[in-house]
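Residue numbers begin at 1 in each chain, while the letters A, B, ... track the order of the sequences.
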2 protein chains.
Amino acid sequence: MGKHTCNHMTESLVEKTLLQLSQAGLRVTKQRKALLCTLAVADNPLSAEETHAQLAKGTCDLVTVYRSLEQFEKIGVLQLGVRENGTKVYCLSHGHDHHHHLTCRSCGRTERVDVCMGDELENIGRSFGYTKLTHVMELFGNCPDCVS
Amino acid sequence: MGKHTCNHMTESLVEKTLLQLSQAGLRVTKQRKALLCTLAVADNPLSAEETHAQLAKGTCDLVTVYRSLEQFEKIGVLQLGVRENGTKVYCLSHGHDHHHHLTCRSCGRTERVDVCMGDELENIGRSFGYTKLTHVMELFGNCPDCVS
DNA sequence: ATGAGTGCAAATAGTTTGCAAGCTG
DNA sequence: CAGCTTGCAAACTATTTGCACTCAT
């Protein structure tokens, strides 16, 4: 499986995201390109460690992954999630299609859940007078292969 | 503020919860009583460290807090949440009123959000063939006093 | 009395910070 | 060439594990 090359389908997505970086005043480096490429081909949210592990050896230090992912999330190109154990995970915000995930707590298999009541929730937040609202929503369960 | 004594309002709730422990085959110890008492009077979800800090000095080791909270969550008397930074937090499941929280990321102030689309979400999970579904849902924002 | 529960110490996992050197715009 | 970015080392926070001892049932 292509470890550090982007396929045709994800190429334009990465390009578009890199553009967003510049627009946000961040610099485009080979490390960041590689990171975005990895996230673009991932079919589920990745933790910093996992993202790092996907990169060709020597591409980039783990610390850089942490720092970049955090910055990317701040400018909105990545969406933040949490695992049941508290680990932070990130996935590309494909345009405006905010979504969530259903993760098997046994094997890690992940399904995409397009339902999101984020707006509804954030309106509630607004009604309390809160601003800069964000939310985290994750589903966990045992997948069909992990009936355990 | 009453650090380690339960007031009248929370007393019955703690008693009821202790009963649930026995029914689940767990033992009732003075440490666990103290833990539940602390959680019963807390007006927002507490992390293990925070729970421990509320206890009278010497009541119980931090490790015991971790172990107990985890077990309590497993038998359903506590509800698990996550902070934006991944820290796990717990609050008493007052009967069946599953709920969520809106937390100020600056001062920590917390509001209770009674809206929950958990059933809806867990049905989606079931439609994927997943079992033992749980979910985590937390809202974060800046409260009116922390416009920053 | 028997095994669940506890405390203490130590190990882990995930993440953050400091600082000097490197690269982007 | 200014300053954002990176790497390396080290510090930290949250949480887990091993083991002998204690206590609830």
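- Look at CG on B:Leu69: it is 11 Å from P on C:dT6, rounded to the nearest Å.
- Checking C:dT15, D:dT6, D:dT16 against every side-chain atom of B:Lys88, the shortest atom distance belongs to D:dT16.
- Separating the OH atom of B:Tyr66 from the P atom of D:dT13 is a distance of 12 Å, rounded to the nearest angstrom.
- In this structure, of D:dT5, D:dG7, C:dG14, it is D:dT5 that holds the atom nearest to the side chain of A:Arg27.
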Give every pair of a protein N or O atom and an N or O atom of nucleotides 11-13 of chain C that lie under 3.5 Å apart, one pair per line with the distance.
none

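- When hydrophobic residues (I, L, V, M, F, W, Y) are linked wherever their side-chain heavy atoms come within less than 4.5 Å, the members clustered with A:Val82 are A:Val136, A:Phe140, B:Val82, B:Val136, B:Phe140.
- As a whole-Å value, the separation of B:Glu70 CD from C:dT6 C1' is 15 Å.
- For A:Arg67 against D:dG7, a side-chain N or O and a base N or O form a donor-acceptor pair under 3.5 Å.
- Considering only the side chain of B:Ser68, C:dT6 comes nearest among D:dC4, C:dT6, D:dG7.
- Backbone-only contact: A:Arg32 has heavy atoms under 4.0 Å from sugar-phosphate atoms and none from a base.
- Hydrophobic clustering (side-chain heavy atoms under 4.5 Å, transitive across Ile, Leu, Val, Met, Phe, Trp, Tyr) keeps A:Val63 apart from A:Leu69.
- For B:Thr29, taking side-chain heavy atoms from C-beta onward, the closest of the listed nucleotides D:dA24, D:dG7, C:dT15 is D:dA24.
- Counting to the nearest Å, the P atom of D:dT22 and the NZ atom of B:Lys30 are 13 Å from each other.
- Nucleic acid contact for B:Ser22: none, since no nucleic acid atom lies under 4.0 Å from a heavy atom of the residue.
- In terms of position on DNA chain D, the residue among A:Asp61 and B:Val89 whose nearest nucleotide sits closer to the 5' end is A:Asp61.
- Nucleic acid contact for A:Glu50: none, since no nucleic acid atom lies under 4.0 Å from a heavy atom of the residue.
- In this model, the phosphate group of C:dG7 is approached by a side-chain N or O of B:Gln31 to a distance below 4.0 Å at OP1 or OP2.
- Applying the side-chain contact (heavy atoms from CB on, under 4.5 Å) test to B:Arg126 and every residue at least two apart in sequence or in another chain returns B:Glu122, B:Asn123, B:Leu133.
- Remark: A:Arg83 engages A:Glu50 in a salt bridge, criterion side-chain N to carboxylate O under 4.0 Å.
- Between B:Val63 and B:Val28, the residue anchored closer to the 5' end of DNA chain C is B:Val28, taking for each the nucleotide with the nearest heavy atom.
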